[in-house]
Amino acid sequence: MTFANEILAWYERNKRDLPWRTTTNPYNIWLSEIMLQQTRVSQGLPYYQKFVENFPAVEDLAEASEEKVLKLWQGLGYYSRARNLHATAKMVAYEYDGQFPDTYKELLALKGVGDYTASAIASICFGRPEPVVDGNVYRVLSRYFGVDIPINSTEGVKYFKQLAREVMHLERIRDYNQGIMEFGAMQCVPQSPNCQVCPLSSSCKALKEGTVGSLPVKLKKTKVKTLYFNYLVPISKGGLTILEQRTDNGIWRNLWQFPLLESKKELELKELKVQLEASEHFSKALNVSRFDPMSIIHKLSHRHIHTVFWIIELNDISNGGIPFEKVEQYPVPVLIDEFLKRLKNSYFWPLNDSRL
DNA sequence: AAATCGGGGAG
DNA sequence: CTCCCAGATTT
């Protein structure tokens with residue numbers, strides 16, 4: 001039996017029951033593929049359900065506000081995916097008459113759709129013979145064929161795409177592509193795969209050569225930078241606070257947060273107070289206090305953000321204030337969302353306390 | 001070619 | 001702690 005036929009046979013016996021596997025509707029497939037970029041099925045699944053409920057068709061997503069799209073996306077990460085998702089929904093709804101294009105090349109032109117996603121939609125929705133190469137496929141192919149070219153090198157990307165094209169199943173591309181990814185996710189897993197029960201074990205080159213544990217080869221990871229964030233959380237006697245939108249390029253773009261003061265190292269209360277004297281909003285602060293005894297270390301793949309939330313009690317907020325109860329309507333980073341949960345369990349809550 | 005962009009789960 | 005997930009885009 002050929003490689004492709006083994007994959008297909010394994011897939012028929014082992015595939016998970018997932019909502020996007022019961023349709024070939026391009027809107028649903030596209031939505032699931034964008035959400036699953038660099039994201040495990042278990043993490044993306046509840047978001048997929050939420051989006052399908054709120055936006056049954058591409059027109060519904062196109063008509064929604066970016067605020068609502070980001071709020072529903074909150075917690076899934078890589079927020080440029082949500083912004084590109086919204087832009088592409090508008091493009092398809094208003095420029096393409098609600099119809100997704102059906103070729104790899106045209107799909108590739110959509111925002112947020114790269115080589116992998118264009119191939120996935122073209123094959124799964126339209127049966128086109130385009131090989132998908134995601135993290136799972138890199139692992140399966142590198143092991144089965146014993147390829148040690150780094151998968152994130154220019155040469156590797158090209159080599160594995162070509163190899164994937166050579167071994168794919170042309171007639172059953174829809175199931176084959178999903179099958180090889182599922183095989184990587186369930187059987188040929190990154191750590192300690194159970195090769196004893198693998199249907200490809202007799203012809204797997206890495207297993208024969210004892211290199212399963214060292215494949216695929218990947219070039220060095222980028223090193224983590226440490227940042228120091230001081231979030232200034234205004235609380236006025238009228239129950240108002242201040243939220244600002246992150247508008248510059250970079251992390252959490254277009255999400256909302258409390259006024260932020262970045263520093264080179266952790267600030268002491270005294271140092272912070274000096275800075276607040278010169279600020280527009282906070283020079284008349286009644287009281288300033290650190291919220292958490294220990295600073296929060298929010299860990300991202302490329303950033304460690306040491307964070308202190310400072311409660312700034314004020315008589316009033318002259319302009320730009322919003323009722324604290326409305327904060328939860330805004331899309332915010334997980335870091336902020338978790339603080340809000342702690343705040344609601346603290347003695348600051350509820351805010352209209354005689355203490356203030 | 002390298003850096004950037006999030007968050008979470010497995011081991 | 002490390003690794004990596006149905007990657008895309010910018011620098």
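A quick note: this is a predicted structure, and the numbers were derived from the prediction, not measured. Convention: sequence-line order gives letters A, B, ...; per-chain numbering from 1. The basis for the numbers below is simple: all heavy atoms, side chains too, and nothing from hydrogens, waters or symmetry mates.
A:Gly75 comes within 4.0 angstrom of the backbone, heavy atoms only, and of no base. Within 4.0 Å (heavy atoms only), A:Trp73 reaches no atom of the nucleic acid at all. Residue A:Gly44 is out of contact with every strand shown, counting any heavy-atom pair closer than 4.0 Å. Residue-level contact check: A:Lys223 touches neither bases nor backbone, having no heavy atom under 4.0 Å from any strand. If you check every strand for non-hydrogen atoms under 4.0 Å, A:Val113 touches sugar and phosphate atoms only. Residue contacts for A:Ser80: at a heavy-atom cut-off of 4.0 Å it reaches no nucleic acid atom on any strand shown.
Within residues 3-16 of chain A, no residue has a heavy atom under 4.0 Å from DNA chain C.
Between the side chain of A:Thr39 and the base of B:dG6 there is at least one donor-acceptor pair of N/O atoms closer than 3.5 Å.
Between A:Leu219 and A:Leu255, the residue anchored nearer the 5' end of DNA chain B, judged by the nucleotide with its closest heavy atom, is A:Leu219. Residue order along DNA chain B, read from the 5' end via each residue's closest nucleotide, puts A:Trp252 first among A:Ser192 and A:Trp252.
Which of C:dA6, B:dT4, C:dA8 sits closest to the side chain of A:Thr222 comes down to B:dT4.
Taking 4.0 angstrom as the limit, A:Tyr138 places none of its side-chain polar atoms (N or O) nearer than this to OP1 or OP2 of C:dG7. Put simply, A:His302 has a side-chain N or O that comes within less than 4.0 Å of OP1 or OP2 on B:dC5. Within the 4.0 Å cut-off from OP1 or OP2 of C:dG7, at least one side-chain nitrogen or oxygen of A:Gln38 is found. Side-chain nitrogen and oxygen atoms of A:Arg303 include none within less than 4.0 Å of the OP1 or OP2 phosphate oxygen of B:dG6.
Among residue pairs with one or both ends in residues 88-100 of chain A, none qualify as salt bridge (Lys or Arg N to Asp or Glu O under 4.0 Å); sequence neighbours excluded.
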Table of protein N/O atoms under 3.5 Å from nucleotides 1-3 of chain C N/O atoms:
residue	atom	partner	partner atom	Å
C:dC1	OP2	A:Lys299	NZ	2.4

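A donor atom on one side chain and an acceptor atom on the other are found under 3.5 Å apart for A:Gln257 and A:Tyr231.
Distance alone, capped at 3.5 Å, is enough to place a donor-acceptor pair between the A:Thr22 side chain and the A:Pro19 backbone.
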